Undergrad: 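This is the structure, below, for whatever I ask next.
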Amino acid sequence: ISIVIGGLGLSQKATTAAIDQLPPEVTLAFAPYGKNLQTSINRARNRGHEVLLELPMEPFDYPANDPGPYTLLTNNDAAQNTQRLEWLLAQFNGYVGVTNYLGAKFTASPEALLPILRELDERGLLMLDDGTSNRSQVASLSRRMNVPYGTAARTIDLRVSRAAIDDALLDLENVTRRNGAAIGMGYAYPVTI
């Protein structure tokens with residue numbers, strides 16, 4: 001079982017709590033818009049955490065639900081999205097790969113996703129799909145391109161309570177028994193940490 005906690009870097013309190021309180025086996029995913037990100041990444045790495053960069057990607061209800069100024073958009077051409085990707089990747093270093101932040105519309109579009117996966121492949125980065133969209137093309141395209149990837153089996157804190165998170169973790173154990181491995185995603189809520 002692998003656990004990834006995302007949404008880090010925006011709240012210093014949540015970021016510090018995740019780095020200091022979670023065991024090093026938990027992977028931490030950081031948003032690209034925080035302050036002093038490299039300092040937090042260095043602390044996380046020094047405590048043994050693997051780190052991912054959250055890529056803001058277009059959801060179906062964009063712009064009502066806007067992941068930020070450098071969001072990868074389906075109506076942008078490959079050059080525009082690659083330029084945005086380069087800005088996002090330059091916000092800090094030390095990550096082993098990326099995960100989508102929102103992005104149900106973007107990950108469902110092979111035309112938009114392919115240039116991003118090519119860039120990730122050229123940089124030796126993995127792609128983790130958060131598993132929230134059944135339309136996502138991340139797994140099929142990554143397999144075809146031999147890009148290292150994973151897909152989360154569960155979001156462990158869809159219901160934000162200790163009991164609900166415990167139930168989700170037990171469910172993740174059952175998925176692991178059936179499939180041999182599973183990834184769970186969560187967010188930097190105090191109860192999740």
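What you see is a predicted model, and the numbers here were worked out from it, not measured in a lab.
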Undergrad: If you compare all heavy atoms of M185 against all heavy atoms of A152, which two are closest, and at what distance to 0.1 Å?
TA: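 Nearest heavy atoms, M185 then A152: CG-CB, 3.2 Å.
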Undergrad: Please assess R154 against L169 for the test side-chain contact (heavy atoms from CB on, under 4.5 Å), listing each intermediate value before the final yes or no.
TA: CA-CA 9 Å; R154 297 285 181 273; L169 289 169; over 6 Å; no
Undergrad: Could you list all the side chain to side chain donor-acceptor pair (under 3.5 Å) pairs where at least one residue sits in residues 181-193, not counting sequence neighbours?
TA: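 Of all non-adjacent pairs touching residues 181-193, those that pass side chain to side chain donor-acceptor pair (under 3.5 Å) are D157-T192.
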Undergrad: State the CD-CG distance between Q137 and L117, to the nearest 0.5 angstrom.
TA: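 Answer rounded to 0.5 Å: 10.5 Å.
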Undergrad: Could you tell me the separation between the CG atom of L8 and the OG atom of S40, rounded to the nearest 0.5 Å?
TA: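 OG of S40 is found 8.5 Å from CG of L8.
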Undergrad: Check this for me: Q80, atom CD, are more than 12 non-hydrogen atoms of other residues, nucleotides or ligands nearer than 6.0 Å?
TA: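 For Q80, atom CD is crowded (more than 12 foreign heavy atoms under 6.0 Å).
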Undergrad: Could you walk me through whether E173 and I1 satisfy the side-chain contact (heavy atoms from CB on, under 4.5 Å) test, starting with their C-alpha distance in whole Å, then the side-chain angles of each, then the deciding distance to 0.1 Å, before giving a yes or no?
TA: CA-CA 7 Å; E173 283 185 40; I1 297 175; 3.7 Å; yes
Undergrad: CG/L114 to CG/D121 distance, rounded to the nearest 0.5 angstrom?
TA: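 It is 11.5 Å, given to the nearest 0.5 Å.
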Undergrad: When rounded to the nearest 0.5 angstrom, what distance separates CG in N174 from CG in N179?
TA: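 Here the interatomic distance stands at 10.5 Å.
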Undergrad: Name all residues meeting the side-chain hydrogen bond (donor to acceptor under 3.5 Å, both in side chains) criterion together with R178; count only those two or more places apart in sequence or in a different chain, and write none if there are none.
TA: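 If we apply the side-chain hydrogen bond (donor to acceptor under 3.5 Å, both in side chains) test to R178, skipping adjacent residues, there are no hits.
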Undergrad: Can you give me the closest heavy-atom contact between P32 and L37, atom names plus distance?
TA: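 Residues P32 and L37, closest heavy atoms: O-CD1, 3.6 Å.
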Undergrad: Evaluate the side-chain proximity of T155 to D130: yes if any heavy-atom separation is below 4.5 Å, no if none is.
TA: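 A side-chain contact is absent here, since even the closest heavy-atom pair is not under 4.5 Å.
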Undergrad: Would you name the heavy atoms of L172 and A182 that are closest together and state the gap between them?
TA: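 Between these two residues, the closest heavy atoms are CD1-CB, 3.7 Å.
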Undergrad: Provide the closest heavy-atom pair for E119 versus L85 in the form atom of the first, atom of the second, distance.
TA: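 For E119 and L85, the tightest heavy-atom pair comes out as CB-CD2, 3.5 Å.
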Undergrad: Can you confirm whether R159 is buried at CZ, in the sense that more than 12 heavy atoms of other residues, nucleotides or ligands lie under 6.0 Å from that atom?
TA: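 Open.
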Undergrad: Regarding E58 and T71, do their side chains bring together a donor and an acceptor under 3.5 Å, going by distance alone?
TA: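 Their side chains do not contain a donor-acceptor pair, so the 3.5 Å distance test is not met.
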Undergrad: Using every non-hydrogen atom in the two residues, find where T99 and L128 come nearest and quote the distance to one decimal.
TA: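 Nearest pair, atom of T99 first, then L128: OG1-O, 2.8 Å.
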Undergrad: Go through the side-chain N and O atoms of T82 and E86 and say whether any donor and acceptor fall under 3.5 Å apart.
TA: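 Note: T82 and E86 side chains miss the donor-acceptor criterion.
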Undergrad: Does the plane of the ring in W87 sit parallel, tilted or perpendicular to the ring in Y70? Use 30° and 60° as the thresholds.
TA: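 Because their plane-to-plane angle is under 30°, the rings of W87 and Y70 count as parallel.
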Undergrad: When you group the ILVMFWY residues by side-chain heavy-atom contacts below 4.5 Å and let the links chain together, are L126 and M145 in the same group?
TA: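 No; tracing contacts between hydrophobic side chains, which count when under 4.5 Å, never links both residues.
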Undergrad: State which residue, out of L10, T15, L53, fulfils the side chain to side chain contact (heavy atoms under 4.5 Å, CB included) condition with F30.
TA: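 It is T15, the one option of L10, T15, L53 that forms the side chain to side chain contact (heavy atoms under 4.5 Å, CB included) with F30.
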Undergrad: Suppose the criterion is side chain to side chain donor-acceptor pair (under 3.5 Å): which pairs have a residue in residues 88-97, not counting sequence neighbours?
TA: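 Qualifying pairs: Q38-N93.
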Undergrad: So do the side chains of V98 and L89 get within less than 4.5 Å of each other, counting heavy atoms only?
TA: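 They are in side-chain contact.
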Undergrad: Does the side chain of Y33 reach to within under 4.5 Å of the side chain of L88, using non-hydrogen atoms?
TA: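 The answer is yes, as the side chains (C-beta and beyond) meet within the 4.5 Å cut-off.
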Undergrad: Let me check something: do L52 and V26 share a hydrophobic cluster, defined by ILVMFWY side-chain heavy atoms less than 4.5 Å apart, either directly or through other members?
TA: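 Unlinked, L52 and V26 end up in two clusters.
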Undergrad: Under 3.5 Å, side chain of D129 to main-chain N/O of G150, donor-acceptor pair present?
TA: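 No, the answer is negative, given that no donor and acceptor are paired below the 3.5 Å cut-off.
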Undergrad: Given side chains that start at C-beta, do those of I3 and I5 come closer than 4.5 Å, heavy atoms only?
TA: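 With C-beta onward as the side chain, the pair touches.
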Undergrad: Does L158 share a hydrophobic cluster with I183, counting links as ILVMFWY side-chain heavy atoms below 4.5 Å and allowing steps through other members?
TA: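 No, it is not one cluster - the side chains of L158 and I183 are not joined through contacts under 4.5 Å.
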Undergrad: Measure the shortest side-chain to side-chain distance between E50 and R45 over non-hydrogen atoms and say whether it is less than 4.5 angstrom.
TA: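 In short, these two side chains touch, coming nearer than 4.5 Å.
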Undergrad: Is the backbone N or O of E25 less than 3.5 Å from a side-chain atom of H49, with the two atoms forming a donor-acceptor pair by type?
TA: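 Such a contact is absent between H49 side chain and E25 backbone.
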Undergrad: Kindly work out whether a path of hydrophobic side-chain contacts (I/L/V/M/F/W/Y, heavy atoms less than 4.5 Å apart) joins V4 to V138.
TA: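 No; tracing contacts between hydrophobic side chains, which count when under 4.5 Å, never links both residues.
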Undergrad: Is the shortest side-chain heavy-atom distance between N42 and T39 below 4.5 Å?
TA: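 Sidechains of T39 and N42: no contact.
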Undergrad: Give, for atom NZ of K105 and atom CG of N75, the distance between the pair rounded to the nearest 0.5 Å.
TA: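 One finds 7.0 Å between NZ of K105 and CG of N75.
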Undergrad: Between atom CZ of R135 and atom OG1 of T107, what is the distance when rounded to the nearest 0.5 Å?
TA: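 Reported to 0.5 Å precision, the distance equals 10.0 Å.
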Undergrad: Is it the case that one hydrophobic cluster holds both L55 and F92, taking links as side-chain heavy atoms less than 4.5 Å apart, direct or via other members?
TA: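 In one cluster with L55: F92, yes.
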Undergrad: Between R118 and E122, does any side-chain N to carboxylate O distance fall below 4.0 Å?
TA: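 Looking at E122 together with R118, the answer is no, because their closest N to O distance does not fall below 4.0 Å.
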Undergrad: Given T27 and V51, is the side-chain contact (heavy atoms from CB on, under 4.5 Å) satisfied, shown in steps?
TA: CA-CA 6 Å; T27 298; V51 172; over 6 Å; no
Undergrad: Does any non-hydrogen side-chain atom of F106 lie less than 4.5 Å from one of P59?
TA: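 Counting from C-beta outward, P59 and F106 never come under 4.5 Å.
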Undergrad: I need the minimum non-hydrogen distance between F60 and A108, along with the two atoms involved.
TA: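 That closest heavy-atom pairing would be CZ-CB, 4.4 Å.
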Undergrad: For I116 and L72: C-alpha separation, side-chain torsions, deciding distance, then whether side-chain contact (heavy atoms from CB on, under 4.5 Å) applies.
TA: CA-CA 9 Å; I116 300 305; L72 304 177; 4.0 Å; yes
Undergrad: Could you check whether any side-chain heavy atom of L22 comes within less than 4.5 Å of a side-chain heavy atom of I193, counting everything from C-beta outward?
TA: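 The answer is yes, as the side chains (C-beta and beyond) meet within the 4.5 Å cut-off.
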